[in-house]
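The next block holds one structure in the form of structure tokens; read it before the comments.
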Amino acid sequence: MSSKTLVIAGGTDGIGRALGLAYLRRGDLVTIIGRNSAKGESFLAEAAALGAAGRAHFIPADLSLVAGARSAIAAVRERLDQMDALVLTARHVSSHRQVTAEGFELTFALYYLSRYLLSHGLADLLDTAPRPVIVNVSGPGETSGDPPWDDLDLALGYTLSTALSHGGRLNDLLAVGWGLHHPSARTRYALVHPGVVATSFSGTYDLHTTALIDQLRRTGAPVAEAIRPIARLLDDPPAALVSAWAQGSPLPLTKDAFDPAAARRLHAITRELLT
Ligand SMILES: NC(=O)c1ccc[n+]([C@@H]2O[C@H](COP(=O)([O-])OP(=O)(O)OC[C@H]3O[C@@H](n4cnc5c(N)ncnc54)[C@H](OP(=O)(O)O)[C@@H]3O)[C@@H](O)[C@H]2O)c1
């Protein structure tokens with residue numbers, strides 16, 4: 001099998017990191033993008049211990065900023081002229097509404113906008129690979145109906161769980177919109193729900209939520225187990241241009257959660273926000 005080139009946004013921890021190391025062990029080339037330089041260096045040290053120093057690369061970037069996502073895309077493009085897979089795992093949740101220096105709500109900016117930018121901004125590098133795939137690890141199919149069009153960055157009624165389910169819904173529509181804008185792409189777009197996995201759960205939590213998150217860290221599935229169905233999609237991309245999966249099982253793209261009209265509308269609003 002010839003080696004693959006993977007780019008993992010959010011590869012410094014959790015599912016992204018575990019996938020990165022698994023593919024380095026197989027002999028592939030892995031570029032991770034993350035915010036925490038110490039974690040990036042630790043990934044590179046582990047790569048070196050595996051004898052894969054020359055196949056691992058770390059791009060430090062704050063993906064919650066549009067400027068950060070754009071600079072990460074530029075850094076990937078400077079380094080690679082083709083890639084087989086883009087894996088999207090960066091997320092940071094917060095008990096309280098936070099606004100980035102660019103004025104966007106943090107979850108909206110990181111969980112949705114950065115994935116929009118990376119998915120569209122690296123599409124051409126993927127499409128010349130033999131069997132390219134974008135794997136967006138999020139929470140597909142968990143919500144339905146229209147997003148709050150007049151309050152996309154949740155200025156009204158923010159809670160941590162609203163922000164998460166809202167972000168999941170926007171990613172469902174991102175996938176559908178990506179398919180509508182790249183109808184003849186060779187690249188497949190797969191949304192993946194990993195289930196509850198014992199990871200770092202990057203976030204800023206109040207006391208009550210900290211206790212809940214600690215419990216998830218103790219009871220979630222081991223990361224090594226959670227990455228298996230994701231690796232299957234990376235190794236053998238689905239036939240459908242856009243698909244959604246929960247722990248290895250396909251999810252139906254119901255009109256309610258994956259509505260093409262809503263996806264077009266979100267795409268247009270996002271383009272406007274980013275100009
Ligand atoms: N774990 C679960 O139970 C679960 C359940 C459902 C869905 N998911 C989905 O699975 C994906 C991966 O989750 P996980 O639990 O593996 O994640 P995690 O352990 O919380 O790691 C999150 C990653 O995002 C990166 N990140 C956070 N803020 C960033 C920023 N501003 N700029 C760049 N990178 C940033 C972190 O990098 P630094 O550490 O370098 O900051 C880290 O690499 C997420 O998209 C999540 O929606 C997870």
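For ligands, and for the atoms within them, numbers begin at 1 and follow the listed sequence. All residue numbers in this chain count up from 1 along the given sequence.
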*Identify, for atom 27 (C) of ligand 1, the protein heavy atom at the shortest distance, and state residue, atom and that distance.*
R91 O, 3.4 Å
*If you measure from the Lys or Arg side-chain nitrogens to the Asp or Glu carboxylate oxygens, is any gap between R77 and D124 under 4.0 Å?*
yes
*asked:* Could you check, using the six-membered ring where one of them is a Trp, whether Y158 and H96 have ring centers closer than 6.0 angstrom?
replied: no
_Pairing residues for H182 by the ring-ring contact (aromatic ring centres under 6.0 Å, His included) criterion, not counting sequence neighbours_ = H120, W178
_Taking 4.0 Å as the limit for heavy-atom contacts, which would you say applies to P194 with ligand 1: side chain only, backbone only, both, or neither?_
side chain
*Select one of side chain, backbone, both or neither to describe which atoms of L110 lie under 4.0 Å from any atom of ligand 1, heavy atoms only.*
side chain
*With heavy atoms of G14 as the reference, note each atom of ligand 1 found under 4.0 Å away.*
16 (O), 19 (O)
*Taking heavy atoms and a distance under 4.0 Å, where does R115 meet ligand 1: side chain, backbone, both or neither?*
side chain
_Closest to atom 17 (O) of ligand 1 among V93, T199, L19, V197 (heavy-atom distance)_ = T199
*Proximity to ligand 1 by part of R17, non-hydrogen separation under 4.0 Å*: neither
*Is the closest basic N to carboxylate O distance between D62 and R35 below 4.0 Å?*
no
_Under a 4.0 Å threshold between the charged nitrogen and the carboxylate oxygen, would D235 count as salt-bridged to R26?_
yes
*asked:* To check your reading of the model: name the closest protein heavy atom to atom 37 (O) of ligand 1, its residue, and the distance in Å.
replied: T12 OG1, 2.9 Å
*Any N/O of A90 closer than 3.5 Å to an N/O of ligand 1?*
no
_Would N36 count as a polar contact of ligand 1, with the cut-off being nitrogen or oxygen pairs under 3.5 Å?_
yes
_Could you walk me through whether L174 and Y112 satisfy the side chain to side chain contact (heavy atoms under 4.5 Å, CB included) test, starting with their C-alpha distance in whole Å, then the side-chain angles of each, then the deciding distance to 0.1 Å, before giving a yes or no?_
CA-CA 8 Å; L174 161 60; Y112 169 64; 3.9 Å; yes
*Within the structure, does V137 bring an N/O atom to less than 3.5 angstrom of an N/O atom in ligand 1?*
yes
*Min N/O separation L63 to ligand 1 under 3.5 Å*: yes
*Compute the shortest N/O to N/O distance between H92 and ligand 1 and return yes if it is under 3.5 Å, no if not.*
no
*Could you tell me whether G10 and ligand 1 have an N or O pair separated by under 3.5 Å?*
yes
*Among protein heavy atoms, which lies nearest atom 12 (C) of ligand 1, and at what distance?*
T89 O, 3.4 Å
*asked:* At less than 4.0 angstrom from any non-hydrogen atom of S200, what atoms of ligand 1 do you find?
replied: 18 (P), 19 (O), 20 (O), 21 (O)
*Between R169 and D172, does at least one N-O distance fall below 4.0 Å, as a salt bridge requires?*
no
